[in-house]
2 protein chains.
Amino acid sequence: MPTGIAAKDSKVDVLVIGAGPAGLMSAFALARAGVNVRVVDKRPKKVAAGQADGIQPRTTESYGLSDRLLKEGTQLHVAAFYNPSRNGGIELTDRIPDVNATDTNFPFEVTLHQGAIEAIFLDDMRDMGVEVSRPVVPASIEVTETLVDDFDAYPVRVALERKHFESENEEYTEIVHAKYVLGADGAHSWVRKSMGIAMEGEQTDYVWGVVDLVPDTDLPDVRNKCAIHSNNGSCMIIPREDDKIRLYIQLEGKDVVDASGRVDKSKAGPEMILNVARKTLYPFTIKTPESYDWWTIYIIGQRVAERYTVHNRIFIAGDACHTHSPKAGQGMNASMQDSYNLAWKLVHVLKGTAHRSLLQTASKLNFHLGELYEFERRQYAQDLIDFDKKFAKLFSGKPYSELNLDGVSHAEFLKAFQTFGGFTSGLGVQYADSIIINSKHQHLAQHIRIGRRLPPRPLLRAADCRPIDLHDLLVSDTRFKLLVFTGDTHDPSQMGRVQRFAQELRAPGSFFAKFSSLEAMHTVFDIISISSEKKETIMYNALPRNLWSHWSKVLVDDIDMRGITGSGKVYSSLGIDSAGAVIVLRPDGYVAAIAPLDDVPHLSSYFATFLRAC
Amino acid sequence: MPTGIAAKDSKVDVLVIGAGPAGLMSAFALARAGVNVRVVDKRPKKVAAGQADGIQPRTTESYGLSDRLLKEGTQLHVAAFYNPSRNGGIELTDRIPDVNATDTNFPFEVTLHQGAIEAIFLDDMRDMGVEVSRPVVPASIEVTETLVDDFDAYPVRVALERKHFESENEEYTEIVHAKYVLGADGAHSWVRKSMGIAMEGEQTDYVWGVVDLVPDTDLPDVRNKCAIHSNNGSCMIIPREDDKIRLYIQLEGKDVVDASGRVDKSKAGPEMILNVARKTLYPFTIKTPESYDWWTIYIIGQRVAERYTVHNRIFIAGDACHTHSPKAGQGMNASMQDSYNLAWKLVHVLKGTAHRSLLQTASKLNFHLGELYEFERRQYAQDLIDFDKKFAKLFSGKPYSELNLDGVSHAEFLKAFQTFGGFTSGLGVQYADSIIINSKHQHLAQHIRIGRRLPPRPLLRAADCRPIDLHDLLVSDTRFKLLVFTGDTHDPSQMGRVQRFAQELRAPGSFFAKFSSLEAMHTVFDIISISSEKKETIMYNALPRNLWSHWSKVLVDDIDMRGITGSGKVYSSLGIDSAGAVIVLRPDGYVAAIAPLDDVPHLSSYFATFLRAC
């Protein structure tokens, strides 16, 4: 520390370093759960334009983001493919759905510049009194190893240097003692480097230019995602908010890379990128705009961090863990999913609702919650990069023609585009078995998969027949959701089973009595009942009171009063029969466990492996 | 004016007296159109609870209110009917759709207390720099008759007394010179009385108590609208936001009316009303709440003002024009529709886009725009009261039983409830022919009705295949909407017809060239093209440029990329054939005129009757 500058000391439960999408998502989730969290960022101001912009269906359906994303963002419904025509230049070959997934309420990509997405979190955090401190640069980080297993300790010490807003001169140094630190500080992560975590993988030869602008063009698909393969290079168009588009253009490495193999931005600019695009787009034209919204040039790297955590006290998330090409629109999504995957686990450990004895072990079926984060999200990042390698190669390849028989044909590209759909939509992510994913009783709900997110389903609220989607009740609030599929409660014998289930839940030995109570339910569980009785006869208040947390949480599987929404087919589409079942969802919406109504012990032993009575 | 208080003078285009739903709707619409408007209200604060609460489908689908209404309000999907049971007390007889209309995207009633609805307008007005002055009381109003036909004059002089916020002492008097004044000052309207406008109709014998509370009850339909007929009286339950409900209970006049026939509030209170309800609800129970949100008692009056305007310079709207029973949830809706009906006409007259010569005549087919307001909305109010008389009688009647053969049977009540559906939903309103409703060429769109609101229809945007409802483009922005149904533009001969139509629009004699231009379009017209070409082949920019105001205003009648939304049946469901048609919508969404693509002269003569070249 320089002489003459006093250091102040402070304590915080979680220090988040980096206020991009990964950092803000975790800070938001932690703050909303009532955790004492602080966020610092080295940039003097938040991102105003450019950067990441693609939001996948799984992200749109999570975290309560959809209202603002749909209001502010652009929806991509079509992927248009342009290929060489016989007349020289390009022509439209195909228009297909941009997202190859139907079992979602948002079967399309949303685009919106990163700063607008960050603003969603920043606005909500401001309402909770949490602001980002900036510009603040971390100077050192240390962990006291002897304290890492002490529940009450603050074992991580971080020195932060507060910079002057404009000059970036150091104003003062602050020592922060944190229980946990999250490094969400990007591809060049200072936290990752400080912890000596290596990136595994390689740099590629692909060099891409990116430019955001409002186009004046005669290309008829300028408002669709366009994958353009010409004999003069490849180009991708991504429509964006406010009539803008983003152009991704493959560049010749020699034109923009210096002797050391790094991009030399002085060698290029948005005009240069647009001029390369013009050759690809011919015979269509695009005028030079009055100004460019944003631009960049980069070489694609495809790498994953060897570890995601140190002592389960320091974590990294987002670009700090994985870098890959941006063209499949995965980066920001993976980052937010990383940090929400971690956030709910941190909340339960910090609040003491997760069992302390778990924190010492690391076998595959008995994880530290922090290790579970690495286990689940590092596997995902590896899959992402495998996908990215295949996709980038196809996208950057020369098009097939009579002169280039080794080229990439449209059929080949199309097949890859569609095959990877489950992956790029984020809907196909499957977490492997662990203490928090238990695949017993899978047969009770045959059409869903334990370890995957539960798909949306149209239902009615029993009390008022209001059509509602099951997803609307699955709020990202760090609570486990118990979905009690009661079967037909109009049948007295089935109602008897439901009443016995409710009674077993009330018994002192059950997980529900041990880890929660109606009063404390807001910290660990929410409980929702879904009956297959008909809307005309159901009396919502005839169901046992401990099977619904509020009158709005009793649902019926029926079609609505006018036969427009709802379906009456939710039980059958999930593969649940008339005997019912209980589905346990993790706080991030993944199916964690399933039980029949008469197997409360299974649920109790599932939760006992990681929850503690409080 | 008292000695010692100085009067200041000011000018305003429109002075709105009264900041309830009618006043705020018009002020909002005028301000958004750029009109110089001022709103005053005698109440020191805005309404915080109670008052009107029912929003009908037509209101929800208009004016851009739906986002906030759906977020903040309660949706009523079910009307539940309870009738006397054999065991004494009441039982559930039926659950039916609350709204008997399907051709709307909001086939349900929304409830939300009046203050929250006013807040929607107040928030948007604040963003435009318009605030309500309060408490301000009008003291006198005069019109200079010699100036009423002078475009530039401010012929209405209103003296306003500004009160002290708390003491309500007079602080100063202000003289406002207005071009127009709108009296939206409620059932006891000072403006109406000052102008000597009489109310026609009568007081009824029906006395009702109303109480808003959060219920603790075992009635299973407490979250549905309930119409309860018991042998101990009638009751209606309206579910509301924040788990509240409203109870309407019929009272014995003798218990609460004083010798002069007026309600004496000192004779009753919410407990008294709730106790009467308890007798009706038996065997179901309702606990006494810790507090009541709001309550009132009233005698139903069924009256319409004999005139709605004086010199077409002073207008009245909302409760100032019509009073009736609140049980069909019409009041607030009728009020907002009154004032929007007037607002768009005022905007065009004030901006000079409506023809001055019109302001002198009053024959049925050649109206002053202000007289058109009265013509359309007074007829509606009379229909409303006719309906209300029938409905209130049925609702207040004793239930049919073996002991009361003259009573109202459930079947009889149900039939009335369903028959009146088109009316209560607001979707069945039909304006008669006038200079702004021209029923020529009705046969070109056989399944809609000239004079009624255009129903919603699912379409795709041609440029990006985004599913969009036609209603989403029909913004209440005081512009006429030209919907150009182009037919199949993939067919060269049909495209030729479309191009000729576009060319005729550009010709100097056409209404479009005379009253508008691409640049000035934002004041008078918006133009939207709807093709029956398929999404795979359409090139949105192949349609003539003057037939769409923005790339997002070229639509296709097709099903979306995944076959989920859209329909491909909009042409057939509207009754428009492959030759296409042009539908002119008024700024309030009512179908005003229809023409074939080759009859631009019909459109030109339609608009020439009331628009002026500018």
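Numbered from 1 within each chain, the chains take letters A, B, ... in sequence-line order. The structure displayed is predicted, hence computed values, not measured ones.
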Side chain, backbone, both or neither: which part of B/Leu219 has an atom under 4.5 Å from a heavy atom of chain A?
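Interface part for B/Leu219: backbone (N, CA, C, O).
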Donor-acceptor pairs under 3.5 Å, chain B versus chain A:
{"unit_1": "B/His77", "atom_1": "ND1", "unit_2": "A/Arg562", "atom_2": "NH2", "d": "2.9"}
{"unit_1": "B/Arg95", "atom_1": "NH1", "unit_2": "A/Lys535", "atom_2": "O", "d": "2.6"}
{"unit_1": "B/Arg95", "atom_1": "NH1", "unit_2": "A/Glu536", "atom_2": "O", "d": "3.4"}
{"unit_1": "B/Arg95", "atom_1": "NH1", "unit_2": "A/Ile538", "atom_2": "O", "d": "2.9"}
{"unit_1": "B/Arg95", "atom_1": "NH2", "unit_2": "A/Ile538", "atom_2": "O", "d": "3.1"}
{"unit_1": "B/Pro107", "atom_1": "O", "unit_2": "A/Arg562", "atom_2": "NE", "d": "3.4"}
{"unit_1": "B/Pro107", "atom_1": "O", "unit_2": "A/Arg562", "atom_2": "NH1", "d": "2.9"}
{"unit_1": "B/Pro107", "atom_1": "O", "unit_2": "A/Arg562", "atom_2": "NH2", "d": "3.4"}
{"unit_1": "B/Asp218", "atom_1": "O", "unit_2": "A/Asn541", "atom_2": "ND2", "d": "3.2"}
{"unit_1": "B/Asn224", "atom_1": "ND2", "unit_2": "A/Ala463", "atom_2": "O", "d": "3.4"}
{"unit_1": "B/Asp243", "atom_1": "OD1", "unit_2": "A/His550", "atom_2": "NE2", "d": "3.4"}
{"unit_1": "B/Asp243", "atom_1": "OD1", "unit_2": "A/Trp551", "atom_2": "NE1", "d": "3.1"}
{"unit_1": "B/Asp243", "atom_1": "OD2", "unit_2": "A/His550", "atom_2": "NE2", "d": "2.7"}
{"unit_1": "B/Ala463", "atom_1": "O", "unit_2": "A/Asn224", "atom_2": "ND2", "d": "3.4"}
{"unit_1": "B/Lys535", "atom_1": "O", "unit_2": "A/Arg95", "atom_2": "NH1", "d": "2.7"}
{"unit_1": "B/Glu536", "atom_1": "O", "unit_2": "A/Arg95", "atom_2": "NH1", "d": "3.4"}
{"unit_1": "B/Ile538", "atom_1": "O", "unit_2": "A/Arg95", "atom_2": "NH1", "d": "2.9"}
{"unit_1": "B/Ile538", "atom_1": "O", "unit_2": "A/Arg95", "atom_2": "NH2", "d": "3.1"}
{"unit_1": "B/Asn541", "atom_1": "ND2", "unit_2": "A/Asp218", "atom_2": "O", "d": "3.2"}
{"unit_1": "B/His550", "atom_1": "NE2", "unit_2": "A/Asp243", "atom_2": "OD1", "d": "3.4"}
{"unit_1": "B/His550", "atom_1": "NE2", "unit_2": "A/Asp243", "atom_2": "OD2", "d": "2.7"}
{"unit_1": "B/Trp551", "atom_1": "NE1", "unit_2": "A/Asp243", "atom_2": "OD1", "d": "3.0"}
{"unit_1": "B/Arg562", "atom_1": "NE", "unit_2": "A/Pro107", "atom_2": "O", "d": "3.4"}
{"unit_1": "B/Arg562", "atom_1": "NH1", "unit_2": "A/Pro107", "atom_2": "O", "d": "2.8"}
{"unit_1": "B/Arg562", "atom_1": "NH2", "unit_2": "A/His77", "atom_2": "ND1", "d": "3.0"}
{"unit_1": "B/Arg562", "atom_1": "NH2", "unit_2": "A/Pro107", "atom_2": "O", "d": "3.3"}

Residue, of A/Pro467, A/Ala80, A/Pro239, A/Pro107, that accumulates the most heavy atom pairs under 4.5 Å with chain B:
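Greatest number of close heavy-atom pairs with chain B: A/Pro107.
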Suppose we screen for side chain to side chain contact (heavy atoms under 4.5 Å, CB included). Which residues come up paired with A/Pro283, at least two apart in sequence or across chains?
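By the side chain to side chain contact (heavy atoms under 4.5 Å, CB included) rule, A/Pro283 matches A/Ile90.
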